[in-house]
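Note on naming: letters A, B, ... go to the chains in the order of the sequence lines (proteins, then strands), and numbering restarts at 1 for each one.
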Amino acid sequence: MDYQFKDIEKKWQQFWADNHTFKAENKTNKPKYYVLDMFPYPSGAGLHVGHPLGYIASDIFARYKRLKGFNVLHPMGYDSFGLPAEQYAIQTGQHPSVTTEDNIATYRRQLDQIGFSFDWSREVRTSNAGYYKWTQWIFMQLFNSWYNKEADKAISIAELVAHFESKGSTGINAVCDEEILSFTADEWKAFTEQEQQAELLKYRLTYLRESTVNWCAALGTVLANDEVKDGFSERGGYPVEQKKMMQWSMRITAYAQRLLQGLDTIDWPEPLKEMQRNWIGKSVGASVRFPIASPKSSPKERTSEESAATSLSFGEGRGEANYIEVFTTRVDTIFGVTFVVLAPEHELVASLTTPEQKTAVEEYIAKTKKKSELDRMADTKTVSGAFTGSYVLNPLNGEKIQLWIADYVLAGYGTGAVMAVPSGDQRDYLFAKHFDLPIVPIIDIQNIETEADPTKEGTYINSDFMNGLDYKAGTAAVIAKLEEVGAGKAKVNFRMRDAIFGRQRYWGEPVPVYFKDGLPYLIEESELPLILPEIDKYLPTETGEPPLARAAGWKYTSLSSGEGRGEATYEYELSTMPGWAGSSWYWYRYMDAQNDAEFASEEAIEYWKAVDLYIGGSEHATGHLLYSRFWNKFLKDIGKTPEEEPFKKLINQGMIQGRSNFVYRLIDEEGKGTNTFVSHGLIKEHNTSPIHVDVNIVENDVLNLNKFKEWRPDFADAEFILENGKYVCGVEIEKMSKRYYNVVNPDDLAQRYGADTLRMYEMFLGPLEQSKPWNTNGIEGVFKFLRKFWRLFHDADWNFTVSSAEPNKAELKSLHKIIQKVEQDIERFSFNTSVSSFMIAVNELTDLKCNKRAILHNMVIILEPYAPHICEELWVMLGEQAGTLSYAAYPTFNPAYLVEDEFSYPISFNGKMKTNVSLSLSLSNDEIEAAIRSHADVLKYLDGKAPKKVIVVKGRIVNIVV
RNA sequence: GCUCAGAUGGUGGAACUGGUAGACACGCAGGACUUAAAAUCCUGUUCCCGUAAACGGAGUGCGGGUUCGAUUCCCGCUCUGAGUACCA
């Protein structure tokens, strides 16, 4: 029979499902290997052709590893909480779980038809209570933990309480809020419960704080920074404003240093690591305090050194600070400081503005406020600012320095204040020039005539005790001096902020927290999961509360002691968890997906440990991949997981772009569109306008005229001006999108060519990591290849005919060449080249008319990861037992079959290849040179001239220099 | 602006540590089979000159360099894509 992919694929997909062929065991003697895909959000649009790219690659790898004798964990699931389902619910009133359910069914059908070897018994859905129970549980652990800088890890909050009870607040070095109290053990014990809880909240790894959030009125929700693009929501493009709101936050900054260091230990693409490094944004420098020239009051009592510094610089509006604190990475330039600049939002601005300057400052602040985020960003050239009228003192020489405000200083970074060194910083330079402030050179070789010179070369001048020192010595000296006079110290600053952990939405995990006297308390672990309640409408309440406020009777009845069960009721937290909650730990759930007692059993985690290979898009670089690393480190700190990094190796598949096709409508003399369409090659001769045409009715850029007429009613009687009898379409590469009619759905291709062809073609398209436009131009070639492979097993009349004769040298050579090549290719994730190699091998075997079992048996195994259905079918036809192919032994490469005794040396003259000479590989270099020098062809090219030099690389090349 | 990635025939791409540039596939052209078409098979296909051919020259975004030899390494530039946005 001819190659009937439809029957074959259906049959084997059913077989795999019925026999649980890809079920992974949690314990075997085999070595383990964990291959993970980024699980999809099941959107209404279904999978498009770009989705499976990474899934196919990981499936090939998973199947390959199985053949190589590994116990492979290769699961799939759904990130099923999210905005689109909720938006749809708002519009239609349909419960998001219903649409989610439908969408998942579509995804599952689409995934199944591609023949993935997922272990579906481990499927997870983040919106299932059985799953989010553990997301809530992890939240509770975070709530019950604080970060101890001494131990450099998260520690139970109970230990902190024990310390407070015995030693008070001294000796605690924690990552915590800026405003913490300083107290003795007795004072702590004297605190009310409320006071104690309020204090503890400042230490917890997840905590409430009033943050300025990106509030999107149209979506009725708060957005994460990475969900906001240029002041508009990434999804929907609605305007976003800044709003203050009590928000759950995650103290990810506690892990900044570890997140940064960990990058050096994992095998990830360099650009991705770079993105995370930039996001974390470590800068090493110093904090320096500039005393205010005429302090208005005496220093406030300090709570602790650490907190005083920051609290005073931000001041919380008290306006009683006696110095300005700045952060700088060039503390060595401190003698070049000629003014200090505050962000307009800085808390001390009001109190430090003198009456004379009040109008100017207020006008400037008003002007800044009016500017949108977008304007402020785009307008980096214009210099603007206002003098406060106040002065600060240089802490090292007492010089009086003007204090300005300007919007080039950002409130959200460092301390919201900078020491301006116009000789070394271009922004400060422009500012100084514009407002006519002094510019003092501080390095001997500095050239500051037209712009700032940020050099670190040379030695210092105009710098007091630093004069004559170089950068390294100078920096050390300054820091020592600042510490000595108590005006500053070395400091590391991170750009990364704590992550907001909440959204004012319905379709997410409820936060397992209730409020008592305005403070959050966890519910009992035994009360998990806290089920998402039913509500009547998926919108905020009239009073602006999140949708969960609509849930009737949704109140917490405390089980805890002293309350009297069933008596006291409390309000639950009304916001839900953000999109990244469920995806920040899901790889552990796959290890033990049905476990009711734990998020995964200790044994399962100990066995699978971490993900060995993770494939997904780079768009998750600073979101999912950073949060996951954070939660993973936390889970390790509390002893639940063994590995510091969750994803050992990561590959980014490239984005698949759309390839749009155009037809060209002829425009008549009046400028109106006609019903005549001009082929692309002829448009220069006509007046035309381009129209997007559905790529599914175009093949190799040639329009199917009949399908075009059927496509839209108004084209039913279209006429065409053809070239060479064809209508050729124009082409452009754009985003894959419905409105460009360039979306290619894998279903159509799977129907037309089969899953095996689709799988191989997606790989054949090019290197996995490269972005590329989708086009189906080459898919025929892959289909023909599979048919040719099928034909190796059949005679001219499609009868299955395989010989048991011993293979000859040429056949064995072909086989072992492909064994070696495919192994090398898979190990370096070069799937496109292995497809080519398969084609070469099958071409060779076809030429050799090879139908020998000994060869074909092995070919079936090697090809199985790429085209599993056809291979399963042939495997059974070869007399093997159904279902055993996936776990067959991978053929062993034997280099002996590739050994050659002759090599056809390319002979080049001055590096230009001219001819070939075949010589025995047993010859020494000298013998080769002698043979070449006297060879007739070579002599012909030399034309009587003597070669200056002959370079012989054995088994590679001979180069003759003339 | 900064950071990263990339640029090879008509097209997708190959060339793995510097060693025959263009594998494999698409498309195109010609041929076989066929009443014809589809399917299939065969041949050719980087460009230029010349030509049935042999042969000659150029050639991996551009300009330099290192080397016996560079798509590969180094320096400078152009363009494309992605990320980032006054980060002190």
Work out how far the [atom1] atom of [N] is from that of [M], and round it to whole angstrom.
N	M	atom1	value
B:C79	B:U40	C1'	44 Å
B:C74	B:A5	P	12 Å
B:G44	B:C26	P	15 Å
B:U66	B:G76	C1'	15 Å
B:G30	B:A21	P	31 Å

Shortest side-chain distance from [X], nucleotide among [options]:
X	options	answer
A:Ser283	B:A88, B:G13, B:C41	B:A88
A:Phe764	B:C16, B:C86, B:A25	B:A25
A:Met275	B:G19, B:G83, B:A88	B:G83
A:Lys949	B:A88, B:C68, B:U40	B:C68
A:Arg791	B:C41, B:G12, B:A14	B:C41
A:Tyr941	B:G19, B:C16, B:G56	B:G56
A:Pro767	B:A14, B:U40, B:C86	B:A14
A:Lys821	B:C87, B:C16, B:C68	B:C16

Tell me the interatomic distance from [X], atom [atom1], to [N], atom [atom2], rounded to whole angstroms.
X	N	atom1	atom2	result
A:Lys282	B:U3	NZ	C1'	19 Å
A:Tyr413	B:C86	OH	P	11 Å
A:Phe785	B:A25	CZ	C1'	12 Å
A:Leu272	B:U84	CG	P	12 Å
A:Asp937	B:A54	CG	P	16 Å
A:Ile957	B:G19	CD1	C1'	4 Å

NZ/NE/NH1/NH2 to OD/OE distance under 4.0 Å, [X] and [Y]:
X	Y	result
A:Arg277	A:Glu270	yes
A:Arg787	A:Asp2	yes
A:Lys784	A:Glu780	no
A:Asp267	A:Lys273	no
A:Glu900	A:Lys813	yes

- B:A25 phosphate, OP1 or OP2: any side-chain N/O from A:Asn843 under 4.0 angstrom?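 Yes, within the criterion.
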- Would you state whether a donor and an acceptor, one from the side chain of A:Asn777 and one from the base of B:C26, lie under 3.5 Å apart?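 No.
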